[in-house]
Amino acid sequence: MEAVTLSNTQKHRTTVDIYGQQYVIMGTESPSHIRLVGSLVDDKMREIHSKNPNLDVNKLAVLTAVNAVNDYIKIKDQLERLQTELQKEKDY
């Protein structure tokens, strides 16, 4: 098993199953949050695998990371636009 640290303060230690491998993730987040994150990663890997069954696990993991970061950037941009709109409304 591989240990992954999500933050510097190690309060919780949670084991998650991602694409058939177990990972121990340590961090200040709640175990339910860590399990949710693991489940979403597992789901995304399986979704990408279903569309690209010949990918090896390393390429599958990289594509999963690329998809996750792409989603993050889109959501972050949307949040910034909404915050700008909200600030404009407050300034009126």
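Residues: numbered from 1 along the sequence shown. It should be emphasised that the depicted structure is a prediction, and the values quoted were computed from it without experimental measurement.
- Distance check: L55 CG to T64 OG1 gives 9.0 Å after rounding to the nearest 0.5 Å.
- Residues Y19 and R46 approach most closely at CA-NH2, 3.6 Å, considering heavy atoms.
- Crowding of E80 atom CD: a count of heavy atoms from other residues, nucleotides or ligands under 6.0 Å exceeding 12.
- Of all heavy-atom pairs spanning V16 and I34, the tightest one is CG1-O, 3.8 Å.
- Using a cutoff of 4.0 Å between basic side-chain nitrogens and carboxylate oxygens, R81 and D77 are not scored as salt-bridged.
- For S39 (side chain) and R35 (main-chain N/O), no donor-acceptor pair under 3.5 Å exists by modelled atom type.
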Query raised in the report: What's the verdict on salt bridge (Lys or Arg N to Asp or Glu O under 4.0 Å) for K51 and E47, showing C-alpha distance, side-chain angles and the deciding distance?
Result: CA-CA 7 Å; K51 295 174 184 173; E47 175 189 329; 3.4 Å; yes

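- Annotation: the span from N54 atom CG to K59 atom NZ amounts to 10.5 Å, rounded to 0.5 Å.
- Here the closest heavy-atom approach between residue H12 and residue E29 is recorded as CD2-O, 2.9 Å.
- Side chains of L60 and I48 form a contact here, defined as non-hydrogen atoms less than 4.5 Å apart.
- Taking the side chain as every heavy atom from C-beta outward, L82 and Q78 approach each other to under 4.5 Å.
- A donor-acceptor distance shorter than 3.5 angstrom exists from the side chain of N67 to the backbone of L63, with no hydrogens or angles considered.
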